[in-house]
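Naming convention: chains lettered A, B, ... in sequence-line order (proteins, then strands); numbering from 1 in each chain. Note that the structure is a prediction, hence the values are computed from the model and not measured.
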2 protein chains.
Amino acid sequence: MSNSKEVSKSTIERLPKYLRYLIEIDKMGAVDISSTTIAEHFNFNPIQVRKDIAQVSKKSGKPKTGFKVKELIKDIQNFLGYNNYSEAVIVGCGGLGKTLMAYSGFLSLGLKIVAAFDSNPALFGLEVNGLKIHSMEELDAVINKTSAKIGIITVPRESAQQVCDRLIECGIKGIWNFAPLHLVVPSDVAIRNEDMAASLAVLSYELAAKQKSD
Amino acid sequence: MSNSKEVSKSTIERLPKYLRYLIEIDKMGAVDISSTTIAEHFNFNPIQVRKDIAQVSKKSGKPKTGFKVKELIKDIQNFLGYNNYSEAVIVGCGGLGKTLMAYSGFLSLGLKIVAAFDSNPALFGLEVNGLKIHSMEELDAVINKTSAKIGIITVPRESAQQVCDRLIECGIKGIWNFAPLHLVVPSDVAIRNEDMAASLAVLSYELAAKQKSD
DNA sequence: GTTATATCGATATCAGTATATCGATATGCT
DNA sequence: AGCATATCGATATACTGATATCGATATAAC
């Protein structure tokens with residue numbers, strides 16, 4: 001993989017947060033920003049912020065003032081690939097699926113949903129936000145007309161793994177799973193399980209812990 | 001905080017996954033299960049699985065056969081508090097809000113949404129899945145009629161932090177945030193930021209990394 | 001009944017991330 | 001102009017979670 005340094009998952013999760021903040025303060029006229037100030041805003045550690053920045057930006061900050069807001073924005077956007085978008089398909093046009101299809105924010109995150117599928121014949125041909133819903137039979141054909149490499153799964157739990165497998169057969173290389181189960185994929189495929197049960201469990205545990213100490 | 005051992009966030013995130021799997025194989029008639037088998041199913045490390053289990057179950061596994069499926073299920077459910085549910089309120093009844101309100105799976109995760117709010121007068125009084133939508137003015141009054149400690153935020157980005165602050169004023173102690181920004185809360189409040197941008201960034205990065213190495 | 005082995009649980013090691021330390025320096029202030 | 005200081009970047013340390021090692025043992029197979 002040529003040369004580019006490994007960047008940790010945790011760092012990558014923080015970068016979009018910094019970016020949103022920077023864009024906000026840029027709008028408000030800020031020119032310079034220090035890692036200290038960023039850190040204070042998020043309740044993060046300033047050293048961590050500085051190290052995160054160092055990994056995606058070659059511009060070095062200046063003592064006393066910090067970094068140039070606009071330069072940082074560019075560097076982070078560039079690193080995250082927000083300039084040139086990737087195509088994605090979505091399978092499952094129920095409540096959540098439709099919500100995601102209607103979400104206008106993906107484009108600015110470098111993601112463009114280019115096709116939608118569902119197994120329910122009642123939905124075939126319907127349009128959600130300009131996206132026609134295709135049958136599952138058309139999966140292969142439609143995907144291959146696009147350059148989509150990401151598949152978003154918003155089907156019920158029972159069919160999710162099967163849908164996942166089919167997407168991979170169709171050449172999909174990254175799975176963004178919203179179904180309530182942990183999908184398993186071959187090692188050459190990237191997977192992100194958006195597990196609400198796991199997330200809620202952590203929240204509840206932390207809530208309980210904080211309640212205890214008062 | 002009395003005695004109960006600290007359990008790591010990572011462990012807690014895995015527990016619901018184990019649980020779903022165990023319930024599934026229990027239905028299929030499995031009586032015993034080994035950490036090895038669980039690990040294989042998820043592509044996890046068996047030692048990790050065993051350590052996770054050891055933290056929530058006092059029952060010890062037997063060489064050669066492993067653990068009793070039904071006992072494990074009970075212990076994990078008990079640890080995660082899936083028996084007695086906590087109440088939650090939701091603020092923001094747009095697409096995502098409605099989807100969450102309609103989701104029937106929360107009850108089995110120990111969560112019950114007991115009230116819904118929105119700032120749009122056109123929605124006041126409407127019912128979604130048996131939940132009446134209240135105005136934001138009623139926030140305090142309605143919350144205090146419940147024992148809700150968790151607030152789910154599904155409002156647009158612009159108003160999210162403000163909504164968060166108000167919920168905390170009303171006595172909410174845990175925030176589950178689905179708005180696309182990183183909310184900051186006082187240290188006695190638990191927060192879970194469901195940050196899709198962060199999540200997508202990780203997926204994209206891993207996808208790019210895997211694409212590179214072929 | 002004996003033996004081979006899968007699995008457990010405890011302890012030790014390793015890896016990766018977060019935090020702390022510290023010298024250097026550019027800027028703002030007097 | 002000179003001084004005080006906030007911030008940087010590099011290096012070092014500490015912490016946390018993941019993985020490896022290994023002896024003990026219950027079970028399955030023969």
If I take atom [atom1] in residue [X] and atom [atom2] in nucleotide [N], what distance separates them, rounded to the nearest angstrom?
X: Glu6(B); N: dC15(D); atom1: CD; atom2: P; answer: 15 Å
X: Ile33(A); N: dA6(D); atom1: CD1; atom2: P; answer: 16 Å
X: Asn43(B); N: dA18(D); atom1: CG; atom2: P; answer: 15 Å
X: Lys62(A); N: dC8(D); atom1: NZ; atom2: P; answer: 13 Å
X: Lys51(A); N: dA14(D); atom1: NZ; atom2: P; answer: 15 Å
X: Arg14(A); N: dT17(C); atom1: CZ; atom2: C1'; answer: 8 Å
X: Ile12(B); N: dG17(D); atom1: CD1; atom2: C1'; answer: 13 Å
X: Ile47(A); N: dC15(D); atom1: CD1; atom2: P; answer: 14 Å

Q: Just call it for Thr11(A): base, sugar-phosphate, or nothing, with non-hydrogen atoms closer than 4.0 Å on any strand.
A: nothing
(Q) By the 4.0 Å heavy-atom rule, please label Phe44(A) as base, sugar-phosphate, or nothing. (A) nothing
Charged N-O contact under 4.0 Å between [X] and [Y]:
X: Arg20(B); Y: Asp195(A); result: yes
X: Lys145(A); Y: Glu87(A); result: no
X: Lys212(B); Y: Glu6(A); result: no

Is the phosphate of [N] approached by [X] (side-chain N or O, under 4.0 Å from OP1 or OP2)?
X: Ser35(B); N: dT7(C); answer: no
X: Ser10(A); N: dT17(C); answer: no
X: Thr65(A); N: dG28(C); answer: no
X: Ser60(B); N: dG9(C); answer: yes
X: Thr36(A); N: dT7(D); answer: yes

Q. Between Arg50(B) and Asp52(A), which is nearer to the 5' end of DNA chain C once each is assigned its nearest nucleotide?
A. Arg50(B)
Q | Residue Phe79(B) excluded, over 12 heavy atoms near CZ under 6.0 Å | A | yes
Q.
Taking NZ in Lys27(B) as the centre, count heavy atoms belonging to other residues, nucleotides or ligands within less than 6.0 Å. Is the count above 12?
A. no
**Q.** Per Pro63(B) side chain, nearest of listed nucleotides dA20(C), dG9(C), dT25(D)
**A.** dT25(D)
Q: Return the nearest nucleotide to the side chain of Lys64(A); candidates are dA18(D), dA26(C), dA18(C).
A: dA26(C)
